[in-house]
Every structure is written in structure tokens, then in C-alpha cells.
Participant: 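Structure provided below as C-alpha cells; questions to follow.
Residue numbering restarts at 1 for every chain, and letters A, B, ... go by the order of the sequence lines.
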Number of protein chains: 2
Amino acid sequence: MPHSSSIAESASTHSGFGDFRMTKQRKVVYDVLMDERDHPTASEVFLRAKGKMPGISLATVYNCLETMTQAGLIKQVNVDREASRYCPNLRPHAHFFCSECEQIYDIDLRRHADLEAAWELPEGSRIDHVDVAMKGVCPKCGSATDLSKSEN
Amino acid sequence: MPHSSSIAESASTHSGFGDFRMTKQRKVVYDVLMDERDHPTASEVFLRAKGKMPGISLATVYNCLETMTQAGLIKQVNVDREASRYCPNLRPHAHFFCSECEQIYDIDLRRHADLEAAWELPEGSRIDHVDVAMKGVCPKCGSATDLSKSEN
DNA sequence: ATTTTTATTTAGAATAATTCTTGATCTCAA
DNA sequence: TTGAGATCAAGAATTATTCTAAATAAAAAT
Ligand SMILES: [Mn+2]
Ligand SMILES: [Mn+2]
Ligand SMILES: [Zn+2]
Ligand SMILES: [Zn+2]
């Protein structure tokens with residue numbers, strides 16, 4: 001048996017595809033997302049990936065992010081019309097976007113919380129996916145802003 | 001007293017701005033959204049607006065949608081990376097996107113439902129806005145699909 | 001091991017939604 | 001009426017993303 005076996009090393013296992021290959025490039029892109037779980041954009045992933053594999057191209061980064069999203073290994077996260085960001089956290093979670101530091105934070109669902117119960121869904125709707133995005137100010141920026149506002 | 005007084009006829013009243021003018025073009029764009037509350041894109045609004053005001057330009061439609069969004073008269077709705085759609089429904093509501101008919105439906109919040117309670121928000125977070133988007137199949141398409149699937 | 005097939009990578013061109021620029025036109029208020 | 005600021009309009013520019021086509025790499029078949 002060879003060395004470590006992470007989720008990223010088993011190929012077609014996790015996808016809905018019969019043929020998803022965890023290539024060197026895809027591994028690098030996946031590792032970039034796992035290294036810093038800060039929801040980078042494709043361009044940011046590209047820059048970081050070049051550190052590990054100088055020859056990789058932006059097109060390939062886009063390809064990898066696309067196929068891995070399709071395969072369900074990562075998630076694409078959209079905030080308004082900004083560039084898509086990517087997230088390797090597969091638990092169901094919401095995203096909190098701090099408008100001060102422009103960081104995106106993962107927000108976990110409370111146990112037993114029923115998301116769909118809060119909504120007046122028409123009878124017979126089939127829900128495949130629920131996307132929750134919150135905007136505001138994170139605790140760190142909130143206290144910093146409070147201080148700068150009181151000193152005037 | 002002249003004719004009807006809708007929300008769209010009072011100018012700076014509803015905005016955070018000191019100077020928002022409800023111009024002829026903005027009224028046309030607003031009325032397009034009110035006429036068919038189906039979340040059209042900017043291009044769709046443009047086509048419909050030309051019916052009421054042939055000389056209007058796409059740039060102006062974009063400008064109107066932008067300023068009216070800023071003013072809080074309408075909402076911008078984003079589904080994935082697709083073109084933004086626009087919605088004049090100011091009540092807090094979620095959006096349901098049917099992947100069959102590609103229609104967007106407004107989903108109202110149940111009374112007394114507490115959206116933020118479902119999430120493990122870090123202490124001290126300030127939430128300004130919560131965005132909920134659901135994807136699936138609407139009742140109409142759901143039953144239609146069932147029939148076409150069983151006849152084979 | 002060699003060939004064949006298929007998937008993937010890559011660079012650059014193309015696309016599409018949106019934003020920007022600039023000058024004309026309109027509106028408000030002095 | 002006149003001047004300042006707001007808005008409109010046409011087209012250029014931007015930007016994230018997708019597409020294209022040829023080269024490369026990996027898997028399967030021989
Ligand atoms: Mn996330
Ligand atoms: Mn709506
Ligand atoms: Zn912050
Ligand atoms: Zn439908």
C-alpha cells in the first residue's frame with residue numbers, strides 16, 4: 001500500500017462520473033483550496049497554484065475548478081456579480097460575507113434546524129439545493145469599526 | 001389632484017438619497033417590472049421598455065436598474081453566474097429557481113420564522129442582509145415531468 | 001511493449017454581461 | 001432665464017468566463 005490516501009487521491013469514487021481523473025493539476029488546485037480555506041477566486045487559485053506548479057495555466061485552473069465542482073469535490077460560491085469563489089467544505093453551510101474585510105466565512109447549520117420549514121413553498125415543489133448567503137460585518141471588523149467611530 | 005399615486009411616483013421619499021428623480025425612463029423600467037413580476041434580465045427589461053418608450057437605450061435601462069436598486073425601490077436577484085434579474089417585490093422573500101422552466105418564483109417567509117436562528121453565527125456578527133435562493137423543480141414542471149417519465 | 005483511444009492541458013481567441021466615457025439633454029431652483 | 005447638477009444615450013472598454021484547436025498525457029487494448 002502506498003502513502004497517504006486523502007479524499008483527493010481516490011479518482012472516480014466521489015463523483016457522479018465514470019471517468020474523473022485526479023491529475024497532478026487537479027490535485028494542486030484541490031490542495032490550494034484545502035491549504036487556505038478562504039474562498040479564493042479562480043485567479044487567486046491560479047496564483048497560488050503557480051507556486052506549487054509553475055507551468056499550470058489559468059485555463060486549466062478554470063477547467064479543474066469546473067470539473068471538481070461537477071464531481072462534487074468542491075463548491076462554487078457566488079456573491080453578487082463578483083468573480084466566483086471556491087470552497088472545499090462539503091458540509092451543508094452558509095456563507096457570511098463581511099463587507100469590511102471582504103472575507104467569506106463558512107457558517108454551519110445548527111443541528112435540527114429545518115431550513116425549508118421557514119418558507120411558504122408551494123405544494124409539490126422539489127428542492128434540490130438551498131443557497132444561503134449573509135452579508136454584514138464580522139466580529140473582528142465590527143469591534144474595530146466601533147472604536148474608530150467613537151474616536152472622532 | 002392628478003391621477004393614481006403609486007410608490008413609483010414619489011421621488012426622493014423612499015431612497016436613502018437626497019436626489020433621486022423618478023424620470024420618465026425610470027418610471028417605464030419600474031412599470032415593466034410591476035407589469036410582469038417574473039424577474040426579467042436587463043435585456044428583457046430593455047425589450048419590454050422599448051414597447052412603451054421606443055427611444056430608450058440599453059445603457060439607460062442598466063442605469064435605471066442600478067439607481068433604483070440603490071434607492072431600494074427594486075431588488076437585484078442573482079442566480080449563479082447568469083445575468084442579473086430584477087424584482088419589485090420589497091417584502092423579505094426568497095427565490096425559487098425551477099431548473100425545468102427556468103422561472104423564478106418569489107417565496108414568502110413564514111410568519112415568526114427566524115432565519116438567523118438556524119445558523120451558528122459567531123458572537124458579535126452584524127447581519128445586514130440574508131439572501132436565500134432555492135433550486136429545484138416547481139409543482140407545474142414536477143407533475144409534467146412525472147408523466148413524461150412514466151410514458152416510455 | 002506498442003499502439004490506440006480518450007481525457008486533459010494549454011494558449012489564445014471569442015463571448016457576454018456589465019461598466020465606463022463622453023457629450024447631449026433635461027430638471028430644478030435661484 | 002440661466003446655471004448647476006442630474007440623467008440619458010451611443011458606443012468603447014472591461015472582465016470573468018467559455019470556447020477552440022492543437023499538443024500532451026494517461027488509460028486501455030493489442
Ligand atoms: Mn464555504
Ligand atoms: Mn423576487
Ligand atoms: Zn470583516
Ligand atoms: Zn418549472
Participant: Whole angstroms only, please: what is the CD-C1' distance between Glu44(B) and dA17(C)?
Facilitator: 13 Å

Participant: Quick one: bend of the helix from dA1(C)-dT30(D) to dA30(C)-dT1(D) from 5 pairs per end, to 10°?
Facilitator: 30°

Participant: Mind checking salt bridge (Lys or Arg N to Asp or Glu O under 4.0 Å) for Lys24(A) and listing every partner two or more places apart, or none if nothing turns up?
Facilitator: none

Participant: Do Phe97(A) and Leu121(B) share a hydrophobic cluster (ILVMFWY, side-chain heavy atoms under 4.5 Å, transitive)?
Facilitator: no

Participant: Please report, rounded to the nearest Å, how far the C1' atom of dT9(C) is from the CG atom of Leu65(A).
Facilitator: 14 Å

Participant: Atom CZ of Phe46(A) to atom C1' of dT9(C): distance rounded to whole Å?
Facilitator: 13 Å

Participant: For residues 67-78 of chain A, pull every pair meeting salt bridge (charged side-chain N to carboxylate O under 4.0 Å, His left out), keeping only residues two or more places apart or in separate chains.
Facilitator: none

Participant: Applying salt bridge (charged side-chain N to carboxylate O under 4.0 Å, His left out) as the test, list every pair that has at least one member in residues 40-51 of chain B; sequence neighbours left out.
Facilitator: Asp38(B)-Arg48(B)

Participant: For the pair made of CE in Met22(A) and C1' in dT9(C), what is the distance, rounded to whole Å?
Facilitator: 16 Å

Participant: Can you find a pair of side-chain heavy atoms, one from His39(A) and one from Tyr86(A), that are under 4.5 Å apart?
Facilitator: no

Participant: Do Pro88(B) and Leu73(B) have side-chain heavy atoms sitting under 4.5 Å apart?
Facilitator: no

Participant: Mind calculating the distance between CD (Gln70(B)) and P (dA6(D)) to the nearest angstrom?
Facilitator: 15 Å

Participant: What string of B, S and - do you get for nucleotides 8-27 of chain D 5' to 3' if you count protein non-hydrogen atoms under 4.0 Å?
Facilitator: SBBB----SBB-------SS

Participant: Just jot down the side-chain hydrogen bond (donor to acceptor under 3.5 Å, both in side chains) partners of Asp114(B), sequence neighbours excluded, or say none.
Facilitator: none

Participant: Say whether, by atom type as modelled, one donor and one acceptor occur between the side chain of Thr41(B) and the main chain of Ser84(B) under 3.5 angstrom.
Facilitator: no

